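Quantities reported herein were computed from a predicted structural model and do not represent experimental measurements. In what follows, chains are A, B, ... by sequence order, proteins preceding strands, each numbered from 1. The analysis underlying the following values was restricted to heavy atoms, covering all of them including side chains, and did not include hydrogens, waters or symmetry mates.
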Number of protein chains: 2
Amino acid sequence: MSRAENRVEITRTIQETARRHLAEVGPAALSLRAIARDVGMVSSAVYRYFPSRDDLLTALIVEAYDELGDAVERADAGVRRRTDLAKRFLAVCDAIHDWARANPHEYALLYGSPVPGYAAPDTTVPAAARVTGAFLRLAQESEREGDDLGAPTRAVGSTERKALDGVRPALESPVADDRMVRWLIAWSTVFGHTSLELFGHMHRGILDYDAHFAQVTGQLAADLGLTRVP
Amino acid sequence: MSRAENRVEITRTIQETARRHLAEVGPAALSLRAIARDVGMVSSAVYRYFPSRDDLLTALIVEAYDELGDAVERADAGVRRRTDLAKRFLAVCDAIHDWARANPHEYALLYGSPVPGYAAPDTTVPAAARVTGAFLRLAQESEREGDDLGAPTRAVGSTERKALDGVRPALESPVADDRMVRWLIAWSTVFGHTSLELFGHMHRGILDYDAHFAQVTGQLAADLGLTRVP
DNA sequence: CAAAAACAAGAGCACTGCTCTCGCAATGTG
DNA sequence: CACATTGCGAGAGCAGTGCTCTTGTTTTTG
């Protein structure tokens, strides 16, 4: 085995081990030394592959974003009737929720408190954008379909219009401001719900997380005009 | 100064110093030894007052919940026309958002990733309940007023009704299930928005956080039937 | 006033991330 | 092919962490 091959191999082994540790003990308790022991190396040797603990964290963050992005895109693509935006929206929401419940520590790494002293490098941006991208894609398609919003929606003033300027470059086809606000609300709600649930704030309040999440996302779909309330 | 007085004094000094450190370096980087140095003690002496780092964290969590609870209740009480539920709702939302922006590390401690290996004791529950309580109180008042919801709202099935059983004991007067779902959505949205904003997920997407937050909470108020969309 | 409890200080243990040096082995080049 | 270069693993070491235990002192209590 050539030296270069060996290097990628060992790098992968370290990252896989780190990922296992992450899933077990969470991001803050991730120990580079413990990972090295598990791999069968001395701790200083790991630094040949990851310059610092933060770089290892970055790799794990990108990996997690990609995995979540895969899950979301797969869920969206799995809906056969592409015009059924409600179904696609619900599939995306469920994918996020399911992935988060299956990988709570990874979810916390992505959407929980930022690791102190750690600034996410630009590497993570495109990976992170995939999840948000799924929402934005659906928003654009809904706009193209000319769907009416399912609930009375406030007009967007000039201040808010300017505030939304940052998201427009990410769009290929335009989305009306009021519709965009609704989609951003849905985005906040889905992640807010998931975080509150996973971080224990619904404890003893909501007795069936899945049922409640389904009710909430169903309501969001209605507000977005993707379904009608009977 | 008597020994008992001295004890509460020192306990408070330690906690205040810890609070300062928390605001500067964040919860994960909180060092008991650094706090001890700052207070002018040796680290082992701190253990006379807080049996472990987690107990100190618990004290900080309760303090933060109380502070946020104070801010929220003060905001609610500050609205003169008590029947103007929209104004009160917006005041509560703004209080949360403002406090979070002013105390990002404290917010992360409360609503970010749980500290690993740390299980919040029951002491924190009543303090945490004050914030949620503000939402629930408004929900009950809105129900008593007989307000119509501002947007078509899906019926609540038996599964979701059961899921909501956990929140009912916290109510003094009943709230219809569909209205409760809308208020829980608002709760998730407010904290979801705040977390996404503070944890950097709106970076370069939303250019004016305050404007966007106002637009979102305004929309929530409308959906809750507290205001009418013109 | 003596016994008991509370306390501050220090040493020490088992960790952590990270740096540096030292040999060894694989690789590239004259 | 021989030699210099480079990559790499191991180890020692530094400064820091949470936490425990012992020692001597001070305060409170019986």
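- The separation between A:L32 atom CG and D:dG16 atom C1' is 16 Å, rounded to whole Å.
- Atom CG in B:N6 sits about 12 Å away from atom C1' in C:dA8, given to the nearest Å.
- A salt bridge does not link B:E24 with B:R19: every distance from a Lys NZ or Arg NE/NH1/NH2 to an Asp or Glu carboxylate oxygen is 4.0 Å or more.
- The 5' end of DNA chain D is approached more closely, in terms of each residue's nearest nucleotide, by A:S43 than by the other of B:S31 and A:S43.
- Judged purely by atom type and a 3.5 angstrom limit, B:E160 has no side-chain atom pairing as donor or acceptor with the backbone of A:Q215.
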Contact letters for nucleotides 5-11 of chain D, in which S counts primed atoms plus P, OP1 and OP2 and B counts the base, heavy atoms under 4.0 Å: --BBBBB
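- We find that B:R168 and B:D165 are joined by a salt bridge, their nearest charged nitrogen and carboxylate oxygen being less than 4.0 Å apart.
- By the salt bridge (Lys or Arg N to Asp or Glu O under 4.0 Å) test, B:R53 pairs with no residue at all, sequence neighbours left out.
- Taking the ring centroids of B:F213 and B:Y209, they lie at or beyond the 6.0 Å cut-off.
- Between the OH atom of A:Y47 and the C1' atom of D:dC14 there is a distance of 13 Å, rounded to whole Å.
- Rounded to an integer number of Å, the gap from CZ of A:R37 to P of C:dA14 is 13 Å.
- Judged purely by distance below 3.5 Å, without hydrogens or angles, the side chains of A:D55 and A:S52 pair a donor atom with an acceptor atom.
- Side-chain atoms of A:R33 come within donor-acceptor range of the base of C:dG17, with a qualifying N/O pair under 3.5 Å.
- Within the 4.0 angstrom heavy-atom criterion, only backbone atoms of the sugar-phosphate kind lie near B:R53; the bases stay farther away.
- Atom CD1 in B:I35 sits about 16 Å away from atom P in D:dG16, given to the nearest Å.
- Counting non-hydrogen atoms under 4.0 angstrom, B:L56 reaches nothing in the nucleic acid.
- What separates CG of A:L30 from C1' of C:dT16 is a distance of 12 Å, to the nearest Å.
- Across the protein-nucleic acid pair, A:D55 atom CG and C:dT19 atom P stand 11 Å apart, rounded to whole Å.
- One atom, CD of B:E5, and another, C1' of C:dC7, lie 17 Å apart when rounded to the nearest Å.
- A salt bridge is defined here as a Lys NZ or Arg NE, NH1 or NH2 lying under 4.0 Å from an Asp or Glu carboxylate O, and B:R137 with B:E172 fails to meet this definition.
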